[in-house]
Amino acid sequence: MSQIVRRLGVAPRYRGSTGGGTCPDIFELADGSFAVIGTDATDSLDSQLPEDAARADYERIVVITRETLIKAKADIPDA
């Protein structure tokens, strides 16, 4: 597994988290992939995936807040 290189966006405490930093987060990995901390919503959203979308048994559908993604937008590479 690749290593975390950097956080995209701001730390949860700067987005109002008062629970010890537990909050959605996005990280860039050394191999160029991204890791996301969010709420596992697989059970509730799996049946709503479009016909041309699928996930492997080892994949989960994770939800992050809109604010988390918006705060990370400036750090997401264009290519």
Side-chain angles (χ1 to χ4, degrees):
M1 189 60 61
S2 193
Q3 291 184 323
I4 293 175
V5 173
R6 68 182 178 126
R7 168 183 276 121
L8 278 69
V10 297
R13 69 176 176 263
Y14 297 115
R15 289 183 272 118
S17 174
T18 58
T22 58
C23 201
D25 228 331
I26 304 171
F27 301 94
E28 185 171 1
L29 304 180
D31 68 1
S33 298
F34 297 91
V36 177
I37 297 173
T39 303
D40 184 350
T42 305
D43 292 342
S44 61
L45 295 177
D46 198 43
S47 65
Q48 298 180 46
L49 289 174
E51 286 184 25
D52 60 349
R55 63 170 192 84
D57 288 341
Y58 58 86
E59 295 175 321
R60 309 302 291 166
I61 300 170
V62 178
V63 175
I64 60 172
T65 64
R66 179 181 181 84
E67 181 183 18
T68 301
L69 188 59
I70 289 171
K71 294 281 186 183
K73 184 177 179 181
D75 294 335
I76 297 172
D78 290 329

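Throughout, numbering of the chain's residues begins at 1 and tracks the sequence. Quick note: numbers below take in every heavy atom, side chains included, and nothing from hydrogens, waters or symmetry partners.
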Apply the test side chain to side chain contact (heavy atoms under 4.5 Å, CB included) to residues Leu29 and Gln3: give CA-CA distance (whole Å), side-chain angles for both, the deciding distance (0.1 Å), then the verdict. CA-CA 5 Å; Leu29 304 180; Gln3 291 184 323; over 6 Å; no
Residues in side-chain hydrogen bond (donor to acceptor under 3.5 Å, both in side chains) with Asp31, at least two apart? Ser33
Taking only residues two or more places apart in sequence, or in another chain, which ones meet Asp75 in a salt bridge (Lys or Arg N to Asp or Glu O under 4.0 Å)? none
Applying side chain to side chain contact (heavy atoms under 4.5 Å, CB included), name anything that partners Tyr14, two or more places apart in sequence or on another chain. Val10, Ala11
Return yes when atom CD of Glu59 has more than 12 non-hydrogen atoms of other residues, nucleotides or ligands closer than 6.0 Å, and no otherwise. yes
If the condition is salt bridge (Lys or Arg N to Asp or Glu O under 4.0 Å), which residues does Arg66 pass it with, not counting sequence neighbours? none
Members besides Val5 in its Ile/Leu/Val/Met/Phe/Trp/Tyr cluster (side-chain heavy atoms under 4.5 Å): none
Test: salt bridge (Lys or Arg N to Asp or Glu O under 4.0 Å). Region: residues 36-56. Which pairs qualify, not counting sequence neighbours? Asp40-Arg60, Asp46-Arg55
By side chain to side chain contact (heavy atoms under 4.5 Å, CB included), which residues pair with Ala54, not counting sequence neighbours? none
Holding to side chain to side chain contact (heavy atoms under 4.5 Å, CB included), I want the full list of residues that pass it with Ala53, two or more places apart in sequence or in another chain. Leu49, Pro50
For Gln48, enumerate each residue passing the side chain to side chain contact (heavy atoms under 4.5 Å, CB included) test, keeping only those at least two apart in sequence or located in another chain. Leu45
Using side-chain hydrogen bond (donor to acceptor under 3.5 Å, both in side chains) as the criterion, list what pairs up with Thr65, not counting sequence neighbours. Thr68
In the hydrophobic clustering (ILVMFWY, side-chain contacts below 4.5 Å, transitive), which residues join Val62, or is it alone? Leu8, Ile26, Phe34, Val36, Ile64, Leu69, Ile76
Taking atom CD1 of Ile37 and atom SG of Cys23, what is their separation to the nearest 0.5 Å? 9.5 Å
